[in-house]
Number of protein chains: 2
Amino acid sequence: MLPERFSAKNFDVAHIRSSCATCSLRELCLPVGLNEEEVETLGEVIVNKKKIQRGGYLHRTGTKFQALYAVKSGFLKTCVLEEDGRQQVTGFHMAGELLGLDAISTDMHTCDAVALEDSEVCEIPFSKLEDISRTIPSLMHHFHKIMSREIVRDHGLMLLLGSMKAEERLASFLLNMSRRFAIRGYSETDFNLRMTREEIGSYLGLKLETVSRAFSKLQEDAIIAVNNKHVKILNLERLKLKMGNSSCAT
Amino acid sequence: MLPERFSAKNFDVAHIRSSCATCSLRELCLPVGLNEEEVETLGEVIVNKKKIQRGGYLHRTGTKFQALYAVKSGFLKTCVLEEDGRQQVTGFHMAGELLGLDAISTDMHTCDAVALEDSEVCEIPFSKLEDISRTIPSLMHHFHKIMSREIVRDHGLMLLLGSMKAEERLASFLLNMSRRFAIRGYSETDFNLRMTREEIGSYLGLKLETVSRAFSKLQEDAIIAVNNKHVKILNLERLKLKMGNSSCAT
DNA sequence: CCTTAATATTGATTTTAATCAAAACCGGAT
DNA sequence: ATCCGGTTTTGATTAAAATCAATATTAAGG
């Protein structure tokens, strides 16, 4: 039987192409064997606070892996630059989420991380991680394991994305955003997106006009209410159905 | 600047959705610190030989990770079953390549491995891997690292695939097959594919008719000569151009 | 060898999304 | 408030691939 991991219902499109977008520092460290106290230490003592202005870079592709980052406030995107200069968005990252694990296997960042609005992050320097590794030898190993798991998950998801239509992709995206806002304590059905239609399109493999049309279509069907960047989900169930349909069709 | 890893020229589409398809046992073990002799030991002594008939399963989704497999002869595909029962091909695996690393992060196989023709594999039981891990503690860690690297690579590739047209996808696929045949000592320009058009389509995110048409088109353009499963590449350079065009277009 | 089922090709049509183009809208700066 | 650049929406057209359908080819088994 199909394992849970590969059921479309259990996937969020936003995981696609993102690296550990939804993995909090706590989620990351507790399974390693760090206790609450140690996680606190990581979060409160070791960490350097950093501010990044809208449009500023947290890290650049190809630069050395020097730290993990926990987003404290704001909103960031990760993206890769293709050879022709176009950029492809690989993920969105909101407060409470972790960034930087993309570099864990190569020691080099594989994407740019750009602030979509003024943001604050906590930097956990690699040197500190190494210190912890000495006390908790399995830490880096565990990071690799987490990374593989996350990325295998993404991988499976992209398979599904491949067979989805524009509207279904957008539905998946919105549901993922919804879930992540909910986790962070915001409304599940009423939120502001910080990225442009173009960025959503890049992320989902669609053109901005197609994204816009998909928004309009979902609004027409009274599943959501859109006003520019503000989205209100009117019918969560039907939105989930939208997403599920694709892999059942054909 | 764009790192090598994200340049389309350095990618093979066949890496997409596959797990360590092109990573040989030797390639895998040498960087861990295993010397030639130890690799031989792995390959020659520890290993159980196994035969799988055409259509037979090497491993099933959701089953426990018990061994790595090195393909000795034959041809296999890996695939996941979607909830509606359709299967999605995630990779092809030829003699000399390694299988089973998909399970490394979860201890469960995340896909089925099916023989496309009668095949022989060498099984490296997990228990033996653990034995080696005791002598070489970094082994499993290293496997994780390899796995992350491979899969991050795939990940980047799928980004590219997303913006490719049918013909370009097929070109990438053929080039990858070509390269892998070459590595294993077969002709780079003249080979038999073992999979059906439908399987290629599933792998590339296209319908079988579209794959067939793309084959015909490449033949029309005198870039390849196709006869059913047999492919002869007439103009490698132009085939490479076909592939490169996509990410430069727009 | 012939039969049959699976596979592959090709054509016609429809669906989907990209592209081109114009207008409407919004947010920040003055 | 007004202007302006960037963003969003919507429409018309084109291009690509899916779908439907028919035929041709191949491989496997009797």
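Below, chains carry the letters A, B, ... as their sequence lines are ordered, and counting in each starts from 1. Remember, predicted model here, so these are calculated numbers, not experimental data.
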**Q** I'd like to know if B:Lys50 pairs up with B:Glu123 as an ion pair, taking the criterion as any Lys NZ or Arg NE/NH1/NH2 lying under 4.0 Å from an Asp or Glu carboxylate oxygen.
**A** yes
**Q** Whole-Å distance between D:dT7 P and A:Leu193 CG?
**A** 15 Å
**Q** If you compare every side-chain N and O of A:Lys207 against the phosphate oxygens of C:dT19 (OP1, OP2), does one of them come in below 4.0 Å?
**A** yes
**Q** If I take atom CG in residue A:Leu116 and atom C1' in nucleotide D:dG6, what distance separates them, rounded to the nearest angstrom?
**A** 15 Å
**Q** Using a 3.5 Å cut-off and no angle test, enumerate the donor-acceptor pairs between side-chain atoms of residues 231-239 of chain A and protein atoms at least two apart in sequence or in another chain.
**A**
from     : atom 1 : to       : atom 2 : distance (Å)
A:Asn235 : OD1    : A:Glu237 : N      : 3.4
A:Asn235 : OD1    : A:Arg238 : N      : 3.1
A:Arg238 : NH1    : A:Asp221 : O      : 3.1
A:Arg238 : NH2    : A:Asp221 : O      : 3.2

**Q** What does the B/S/- profile of nucleotides 8-14 of chain D look like, 5' to 3', with a 4.0 Å heavy-atom cutoff to protein?
**A** SBBBB--
**Q** Could you give the distance from CD1 (B:Ile224) to NZ (B:Lys217), rounded to the nearest 0.5 Å?
**A** 11.5 Å
**Q** Determine the interplanar angle of the A:Phe92 and A:Phe75 rings, folded into 0 to 90°, and report it as parallel if under 30°, tilted if 30 to 60°, perpendicular if over 60°.
**A** tilted
**Q** Write down the distance between CG (A:Asp118) and P (C:dG28), rounded to a whole number of angstrom.
**A** 11 Å
**Q** Under 6.0 Å from the six-membered ring centre of B:Tyr186 and within 45° of its axis: does the NZ or CZ of B:Arg184 meet both?
**A** no
**Q** Name all pairs fulfilling the salt bridge (charged side-chain N to carboxylate O under 4.0 Å, His left out) condition that reach into residues 195-205 of chain B, sequence neighbours left out, sorted by first residue then second.
**A** B:Lys77-B:Glu199
**Q** Please give, in whole Å, the distance from D:dA17 C1' to B:Lys217 NZ?
**A** 14 Å
**Q** C:dA18 C1' sits how many Å from B:Lys165 NZ, rounded?
**A** 9 Å
**Q** Starting at atom CZ of B:Arg169, determine the distance to atom C1' of D:dA18, rounded to an integer number of angstrom.
**A** 13 Å
**Q** Whole angstrom is fine here: how far is it from CG in A:Asn192 over to P in C:dC26?
**A** 13 Å
**Q** Can you tell me the distance, in whole Å, between the CZ atom of A:Arg194 and the C1' atom of C:dC26?
**A** 17 Å
